[in-house]
Q: 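Quick one: the structure is below, and I'll ask about it shortly.
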Amino acid sequence: MPITNYSHDQLIELDRRHIWHPYSSIENDNPLFAVVSAEGAYIQLQTGERLIDGMSSWWSTLHGYNHPQLNRAVEDQLKKMAHVMFGGFTHEPAVKLAKQLVDISPAKLKRVFFSDSGSVAVEVAMKMAIQFWQSQGQNRQKFLTIEKGYHGDTFAAMSVCDPVTGMHHMYTGVLMEQLFTPQPRCRFYDAWSDEDFNSFESKFLAHQADIAAVILEPIVQGTGGMHFYSPTFLKKVRALTSAFGVPLIADEIATGMGRTGRMFACEHADVEPDIMCLGKTLSAGYITLAATLCSDDIATTICDGKAGVFMHGPTFMANPLACSVASKSIALLFENDWQLQVKHIENWLNSGLAPCKQLKGVADVRVLGSIGVVEMDSPVDLKLLQPEFVKRGIWLRPFGKLIYMIPPYIINKDEIDKLCAGVYEVIDRTYGHA
Ligand SMILES: *Cc1c(COP(=O)(O)O)cnc(C)c1O
């Protein structure tokens, strides 16, 4: 066991006294587990339990924890420099990563803007769209999106999150008011029905002269409900936005790097966005990094216009440590045959989660790529469920009605079976058979 300065109880006590956790009350008594290390698909708790990781630390640790080659990428770069400003300087880690991103992303995307988190990548994308129109002498400020989306927690990003689950009521009057249409009802494997596009089409047409861009999560709406929608919807969005010259922003922060079975979720619909946001999956869970890619047309229009420059520049832009590890992560995807890894996970999740359909309280079970979802009839009690999962040696973090898993690509069948069996047992124990 690694040596720590604090006992387990001291850690928890001091944490509760001083630290905020995501989306929580400072006074909450949600279960809290101290982690000492993590390796491959396993997380080691200070109390001794070793948990199979079903969450990839919120989509990010694609190749598992403490990966020798990813560690090496950071270590090698650390010996050269941890960071250097990006104003006036460039460096190989940034250039190499940008080239890889341009090579693997839709052909149209040629320009890369690095930033430090997903929310900021979304802010950057939205600023690009606004400046794109300003450069053409147009003041377009509205963004059209679909309900139940999630794009981050900063103000512009929040403004395009679902108005209900995104807590717009807490910031009324502060948030920009955007245009929303219902979430597509046709699901990924459903037959397409043209009706499903009516609301989007009419809203778009009614407001198109004010719309700076359409922004959405392609195919998989993650935090807004783990909804997998029809590629035809996305195709139609692309056709309509293209017809009117309105940029399409694809937020691939959760879905990028193969998570849905394609390198980018847009590929399920064969569409190319004008702007694409990457984050979470980009740097393999090592160091926070995000990127906003755009087409030559967007970039040159912004820069030929009256502003002439794009107005954003984070202090830690293109951090060399983060770029090095992201670059190695992309190389590993190919070395490991990510497509086969994700295909296997999809098959294992399909067979492993299918028995849950028989359980009481389960509304739906669905799988796409390396994403497995058990949707319940009503919101689950995290406080009750999380310790039950930990007792069974698995790490899952349900939210709302959703018990879901997004395991690292290096996970094996036995580990997936344990994750799925754990979910089955805990639901069965809590709700009973139908
Ligand atoms: C997580 C997420 C974000 C925000 O990324 P952060 O790094 O948490 O700021 C934006 N969009 C999508 C689709 C996400 O899943």
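All ligand and atom numbering here is 1-based and tracks the order in the structure.
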Q: Please identify each residue that fulfils salt bridge (charged side-chain N to carboxylate O under 4.0 Å, His left out) with Asp296, with sequence neighbours left out.
A: Arg111
Q: Measure the shortest side-chain to side-chain distance between Val160 and Asp251 over non-hydrogen atoms and say whether it is less than 4.5 angstrom.
A: no
Q: Can you tell if the side chain of Met128 reaches within under 4.5 Å of the side chain of Pro247, non-hydrogen atoms only?
A: no
Q: Any salt bridge linking Glu346 with Lys343? Criterion: basic side-chain nitrogen under 4.0 Å from a carboxylate oxygen.
A: yes
Q: Keeping to residues at least two apart or across chains, list the salt bridge (charged side-chain N to carboxylate O under 4.0 Å, His left out) pairs with something in residues 274-288.
A: Lys108-Asp274, Arg238-Asp274
Q: At a 4.0 angstrom heavy-atom cut-off, what protein residues surround ligand 1?
A: Ser117, Gly118, Ser119, Tyr150, His151, Gly152, Glu217, Asp251, Ile253, Ala254, Lys280
Q: Kindly write out the residues that satisfy salt bridge (charged side-chain N to carboxylate O under 4.0 Å, His left out) with Glu123, not counting sequence neighbours, or none if the list is empty.
A: none
